[in-house]
Structures are given as C-alpha cells and as structure tokens.
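Just so you know, these numbers use all the heavy atoms, side chains as well, and skip hydrogens, waters and symmetry mates. Protein chains get the first letters and strands the later ones, always in sequence-line order, with residue 1 at the start of each. No experiment lies behind these values; they were computed from the predicted model shown.
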Amino acid sequence: MKILIVDDFSTMRRIIKNLLRDLGFNNTVEADDGLTALPILQAGGIDFLVTDWNMPGMQGIDLLKAVRADEKMATMPVLMVTAETKREQIIVAAQAGVNGYIVKPFTAATLKEKIDKIFERIDS
Amino acid sequence: MDNNTQVQLEAARALVTALESNNEQQAEQQLIILTQSQESDLFQEVGKLTRELHDALNNFDVDARLVDLTENEMPNTRDRLNFVIKTTEDAAHKTLGFIDQTLPLTADLKQTAEKIDESWHRFRMKEMNADEFRLLSKDIEAYLPIVKQHSEQIHANLSAMILTQGFQDITGQVIRQVIDLVGEVENNLVQLVKVAGKHIDNKTKDNKPVDPIKAEGPQINAKDNPDVLNNQDEVDDLLSSLGF
C-alpha cells in the first residue's frame, strides 16, 4: 500500500508519516500542495491519499475534486486532515467524495480509527 | 458691526476731530488705539492660521506614520512572521529528530528485556540446563551496560527536547511585536478615516460575496461561531447525519 501525504508544512508531513509507519504503512511519498501532488497521482501507483485543505497553489478540496474527476483515480480513498472546521466546508468535502475527515490537531487513535473505517468500507 | 469695528470707527472719528482741532496729544492717543485694534485682528488671524497649521501637521503625522508603516514596518513584519514559521518548523523537526533517535532505543531495551524475562522464567521453573543458563548469564551481563547506555542517551535526548521548546519564548516575543504593530496600524487607520473619511458614505460597505468554503485555517473563536464545528466528534456527527 503506497500512500501520498500532501501538506504544505513539512513537520505535519513528518508527523503523519511517523504515525502511518506505526500503523504498519511504511511506503509513503510526500507532496507540499495539490499542484505537486497531482502529477505524482497521475503517474500511478498511489493507493491512498492523505491531504491537507489549506495549501498554497492547489488546495486540498480542489485536489480531491481533480482526483474524483479522473476516472483512473475516481475510487481512490482520500482522507482529509485539516484545520478547516466550517460546517459548509465539511459538507462540500463530503459531497466531493472525501472518505474521511480529520480535524487538526488530531491523535494517533483518531488517525487509526478513520483509516480502519475507510478500509472496512472498501472491503465490505 | 462687531465691537472691534465700533472701537476703530470711534477712534478714527476722534482722530479726525483731534487733527482738525490741532490737538496733537489726542491725535497720537487715537492713533495708538487704531493700531492696537489692527494688531489684535492680526494676532487673531495668525492664531487661527497657527491652529490650522498645527492640525494639518498633526494629520500629516498620521499620514507620515502610515507611510512609514506601509513602507518599512509591514515588510519587516512579513519577515518577522516568516521567522516565526521557520523557527517553529526548525524546533518541530529538531524535536521529531530526537524522538526518532529515542524510539529505537526504547524498542531495543524492551525487546532484549522480553527475551531475558522469558529465559529467566524458564530458569525459575527449572526448565533450563547448564549451557542455557551460561548463555542467559552472558545475555544479562551484556544487557545491563546497554540499559545504562541507552538510559543515558534517552535522558540526553529528552533534555535536548526540553531545550528545543525555547522556541516558544522567541516566537512569542516576535508575535507580540506584531500584535502591537497591528494595533498601531488600526489606530492610525481610524485616525485617517476620521480626518479624511468624513465624506465617505457609511452605506458604501464592502458587499463582496463571501465564499463559504474559503480556507481560513484554525478557527480562533470557534465557540462564538455557529457555522464552525469545535472538535472531531462534531465533525463525525455532521458526517454521519449526511449518511457517512
């Protein structure tokens, strides 16, 4: 399972990367916004996308929409990890087809719970 | 006709009368009255001008400070805030680095302790032969100095992590400077609006449509805003109400 972590802050990428490693996901790649993430995704081989919302260049919500619009990636699980907590934003993310929504600051337990749920739903 | 003009008129009439009657002393006196009233007018006028000049200079002060704020302080503030990002980022990476160094040490201690614990248990249950016991003794002998070494390293790493938290003091000071500056800019803008904005119609407010999903980053006063969710539980509730 290869996971792409997208966040403009390198510390947050590192935290998520370490937490994923603790959960047994050792194969991760990183990008610092939607614009750099998209070519990595289009090149193929990514199974799971973890993205922030608020980033320069292309924002996470637009990256999510771009992923859903591409038939090769339309069903890729996408987990949003963000400080954005407006009701409207969460509704729009849900409508755009996000698979999980984690609010920063978050705990290792929350990350595990949401990832477990995503894969439960995919497996069922 | 104001009081001053009345006085001037009377003095002028008295001056003419004095000159006609050749009364030099009287004429001189009336002349003094006339020039004095003239001077008083002049002084009043100069006073008025001085006040206006003073006000203008004061307003100019506001303008000059605003120009200074825009040209010098603002770019300086951008640098300061970038410094805050850089400093916090460095500190976070440094801390994460010490954690990365420490975790394998604890894993190593735990792993070896588990192995020795298991053997020790077998020894206590008399399930161990002499050769195995010699091996266990060697393992214990090797383990103890490693415990000491690793503990020292863990202690050093934790102490270094404590020191790394010093970024809070540094960035706190810089952020406080920025807060002061924002306060000053606000005050100056209020002054400027008072001075120059008297003619601005209150109705011409900013009516730009607000993008409801514009990224805003962390919500500072979430509790006061009904459009904002406060924690993961509320987000989960909203998503499940949407059929998630």
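Contacts of B/Leu238 with chain A are made by side-chain atoms alone, with heavy-atom separations under 4.5 Å and no backbone atom involved. In this structure, the portion of A/Thr110 lying under 4.5 Å from any heavy atom of chain B is its side chain and not its backbone. Only the side chain of A/Asn18 comes within less than 4.5 Å of a heavy atom in chain B; its backbone stays farther off. Looking at A/Arg21, the atoms closer than 4.5 Å to chain B (heavy atoms on both sides) all sit in the side chain, from C-beta outward. Proximity to chain A is limited to the side chain of B/Asp236, based on heavy atoms less than 4.5 angstrom apart. Proximity to chain B (any heavy atom under 4.5 Å) is restricted, for A/Lys114, to the side chain, taken from C-beta onward.
Among residues 66-98 of chain A, the residues having any heavy atom closer than 4.5 Å to a heavy atom of chain B are, in sequence order, A/Ala83, A/Glu84, A/Thr85, A/Lys86, A/Arg87, A/Glu88, A/Gln89, A/Ile90, A/Ile91, A/Val92, A/Ala94, A/Val98. Heavy-atom neighbours of chain A within the stretch residues 92-131 of chain B, taken at a separation under 4.5 angstrom, comprise B/Ala92, B/His93, B/Leu96, B/Gly97, B/Asp100.
Listed here is the closest heavy atom pair of A/Tyr101 and B/Leu239: CB-CD1, 3.7 Å.
With values rounded to the nearest 0.5 angstrom, A/Thr11 atom OG1 is found 10.0 Å from B/Asp90 atom CG. Rounding to the nearest 0.5 Å gives a distance of 7.0 Å between OG1 of B/Thr88 and CZ of A/Phe9.
Chain A forms more heavy-atom pairs under 4.5 Å with one residue of B/Glu216, B/Glu89, B/Gln219 than with any other, namely B/Glu216.
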